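Only a predicted model underlies this, so the values are computations on that prediction, with no experimental measurement involved. Nothing fancy with the numbering, it's 1 onward along the sequence.
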Amino acid sequence: MTEESPFTPSQITEWASFGPKLKGKPTPEQQAAAQITKEKRTAFKRSLSKTLGDAWSEKKIEKELDRLALCLADTALQRPAFLDGPSGTRDFYPPEMRIRNWLFGHMREVAHLFNFEEYDSPVLEHVELYERKAGEEIVDQMYAFVDKEGKRVTLRPEMTPSLARMVLNKTNLQSGEVRELTLPLKWFSIPQCWRFETTQRGRKREHYQWNMDMVGVEHVNAEVELLAAACLFFERLGIGPDAVGIKVNSRRVLEAVLTKYGVTKEGSDMFSKVCVVIDKLDKIGGEAVTEQLAEIGVGEDSARDILRALEAPTVDALADIVGEDSEAIEEVKRLFRVAEEYGFADYLIYDASVVRGLAYYTGVVWEAFDRRGELRAIMGGGRYDRLLTLYGGQKCNISCVGFGFGDCVIMELLKEMNLMPPSIPSVDYVVCAFSADLYGKAAKIAQDLRKLGCSVDLMPTPKKKVAQSFKHADNSGARRMVFVAPDELEKGVVRVKDLRTKDPTTQEGVQVDCPLDKLDTIDALVAAKVVELGAN
């Protein structure tokens, strides 16, 4: 019951007790019972109308009570929990699916513009594929189970290990030679990934992730190409460098910084522990990072020096602090120089604190972020040259670099920026039969139009009123309507109404009669009619 409604719960219950109105072809007994119920409804409405006054007509009372009775029925029915999807998952109804296809379409188009080829793999993978990446929280987040053959499998939490597996299946593991595939590989995919983690804005337990990877390129040109693709994608969506930035760093540069201040990769796990702490800098701030570094054994002076280096505004400033111009630093400098020439440098920011949580990164790493600071990372990637050796052995030292771009966060950003496209259904033609006996002929016309490459919605049930057919066409987003009626069929034609072009004399859609054997001339007939009428 709505707050404005004048009806009491008992009145709503009494109205609901009359039952639904009779439909279809009732028996004489049903008609007699319905007449009695109708008289009760009428008496009830009149009684209420006298009480409520002129503001509530009998028709208005009936409409409101019907609505409230329906709400009452929904409340009374216990809704099964299984009607909701599992926590952290999403249903994509047609309006949402149109938006998803629009987003994925841009991803595919950008990938194709950069000559990347699409690939896919099973959503089910071996658990061991992820366990081999020791020390990652991703193992604890997997939807893993033992299948009916006793195999330990999981819904894939990410795509990169699957790509590595696929490349290694075409590689001689003894020599490391890639066979049947021509390097460099430029592959992309938009897989659905699953992780059991806390859901929040921009994070679900299932998500789709646009992956672009290059395999077999040892130098920073690969990183530049991938970053260029990501920036072009942002541009196509209307997201400029004023709204999104991409923080760039290098694991090798970070290693040089930490080594200078006494934290090395050899001999202990101190290096990985320090990286984990540094990765929290944006979230917890410099003071807390300094404290946590001290807690794991980094000296107070070293901790302060490390933090000072991580806050260097440019790679040149970092080189001055470190006191050397290493190969790793030169690599990052080259990336920024080429990005400037490429035309997307406005998106890039050097940030020495960017680590990326995944342990397999070995060189340049990056993260795209919302400059307002309201959303989590939009996209992340980097170089992972040693991942394939983890699975295939030391001979399989094949250079790889790539990024992952989830759908959840970018959708949140598009909503915030009012850049979401309208989700409007569309179809070229709606074909409607005048009567049920003409449905077969309407179906033939619909099929002939489809063979011409047109999308066609054949109305499954002929409507009694033309207005109902127009409403159906409007709901379908139709460009044109085809009426299959006996008078036109006798003349060997069918009437076509263009719903997007108005006849200036009638303000109705332009109409033409098209011969049944010349449906491919509809466009020309409509165009000629438009010229004749001066329509628009």
Side-chain angles (χ1 to χ4, degrees), residues 89-90 92-123 156-163 166 184-195 202-204 206-215 222-241 243-246 339 342-344 347-348 356 358 366-370 375-382 384 400-424 426:
T89 64
R90 298 166 292 173
F92 290 89
Y93 288 89
E96 290 84 18
M97 199 67 190
R98 284 190 288 271
I99 298 295
R100 196 181 93 181
N101 288 339
W102 167 82
L103 183 71
F104 289 6
H106 277 293
M107 292 173 176
R108 285 191 167 92
E109 287 171 13
V110 168
H112 289 145
L113 288 172
F114 283 75
N115 197 34
F116 279 66
E117 296 181 289
E118 189 165 9
Y119 74 100
D120 200 2
S121 69
V123 70
R156 63 181 170 219
E158 59 165 320
M159 194 64 168
T160 308
S162 297
L163 178 141
M166 290 173 66
L185 305 179
K186 298 170 71 175
W187 286 4
F188 83 95
S189 186
I190 311 176
Q192 188 180 35
C193 300
W194 296 82
R195 295 190 189 186
R203 174 181 287 173
K204 305 292 183 184
E206 58 80 21
H207 71 283
Y208 289 87
Q209 182 167 287
W210 177 32
N211 285 69
M212 287 184 67
D213 294 86
M214 293 182 69
V215 178
E223 284 90 333
V224 171
E225 193 74 350
L226 289 164
L227 286 165
C231 292
L232 180 60
F233 177 73
F234 284 129
E235 287 180 19
R236 288 170 66 101
L237 298 186
I239 302 172
V244 164
I246 302 176
Y342 218 130
F344 64 87
Y347 282 96
L348 304 188
R356 297 290 295 156
L358 298 175
W366 65 84
E367 280 186 357
F369 67 100
D370 164 28
L375 299 171
R376 60 193 297 264
I378 302 169
M379 176 267 291
Y384 52 100
C400 302
V401 60
F403 67 68
F405 200 129
D407 68 320
C408 296
V409 180
I410 190 64
M411 291 298 282
E412 291 292 331
L413 181 60
L414 289 168
K415 291 173 186 175
E416 288 290 328
M417 297 181 66
N418 294 317
L419 292 174
M420 294 284 283
S423 180
I424 301 173
S426 64

(message) Can you list everything that forms a side-chain hydrogen bond (donor to acceptor under 3.5 Å, both in side chains) with H106? Sequence neighbours excluded, please.
(response) W102, R236

(request) With the side chain counted from C-beta on, respond yes when Y384 and D213 share a heavy-atom pair under 4.5 Å apart, and no when they do not. (result) yes

(message) Would you compute the distance between atom NZ of K204 and atom CZ of R90 and round it to the nearest 0.5 angstrom?
(response) 7.0 Å

(request) Kindly indicate whether the side chain of E223, heavy atoms from C-beta on, has any atom under 4.5 Å from the side chain of W366. (result) yes

(message) What's the separation between atom CG in L232 and atom OH in Y342, rounded to the nearest 0.5 Å?
(response) 9.0 Å

(request) Any chance you could measure T160, atom OG1, to F403, atom CZ, to the nearest 0.5 Å? (result) 11.5 Å

(message) Counting C-beta onward and ignoring hydrogens, is there a side-chain heavy-atom pair between C408 and R203 closer than 4.5 Å?
(response) no

(message) Evaluate S121 against M159 for side chain to side chain contact (heavy atoms under 4.5 Å, CB included), listing each step before the verdict.
(response) CA-CA 9 Å; S121 69; M159 194 64 168; 3.3 Å; yes

(request) Side-chain contact test, heavy atoms from C-beta onward, threshold under 4.5 Å: evaluate it for I239 versus L414 and give yes or no. (result) yes

(message) Within the 4.5 Å heavy-atom criterion, are N211 and L163 side-chain neighbours or not?
(response) no

(message) To the closest 0.5 Å, what do you measure between CZ (F188) and CD (E118)?
(response) 3.5 Å

(request) For side chain to side chain contact (heavy atoms under 4.5 Å, CB included), just list the numbers for F369 and V409, CA-CA rounded to whole Å, side-chain angles, deciding distance to a tenth of an Å, and then say yes or no. (result) CA-CA 10 Å; F369 67 100; V409 180; over 6 Å; no

(request) Output yes when a side-chain donor or acceptor of E225 lies under 3.5 Å from a complementary backbone atom of A222, and no otherwise. (result) no

(request) Applying side chain to side chain contact (heavy atoms under 4.5 Å, CB included), name anything that partners E416, two or more places apart in sequence or on another chain. (result) R201, R372, E374

(message) Is any side-chain heavy atom of L237 closer than 4.5 Å to one of I410?
(response) yes

(message) Nearest 0.5 angstrom please: R108 CZ to L103 CG, how far?
(response) 10.5 Å

(message) Using side chain to side chain contact (heavy atoms under 4.5 Å, CB included), reason through N101 and F92 one step at a time and then give a plain yes or no.
(response) CA-CA 11 Å; N101 288 339; F92 290 89; over 6 Å; no

(message) How long is the straight-line distance from CZ of R156 back to CD of Q192, given to the nearest 0.5 Å?
(response) 7.5 Å

(message) Could you tell me if the side chain of M411 sits less than 4.5 Å from the side chain of M420, heavy atoms only?
(response) yes

(request) Give the ring-plane orientation class for F233 versus F405, where under 30° counts as parallel, over 60° as perpendicular and anything between as tilted. (result) perpendicular

(message) If the condition is ring pair (Phe, Tyr, Trp, His ring centres under 6.0 Å), which residues does F104 pass it with, not counting sequence neighbours?
(response) Y208

(request) Determine whether R195 and E158 make a side-chain contact, defined as any pair of heavy atoms from C-beta on separated by less than 4.5 Å. (result) yes

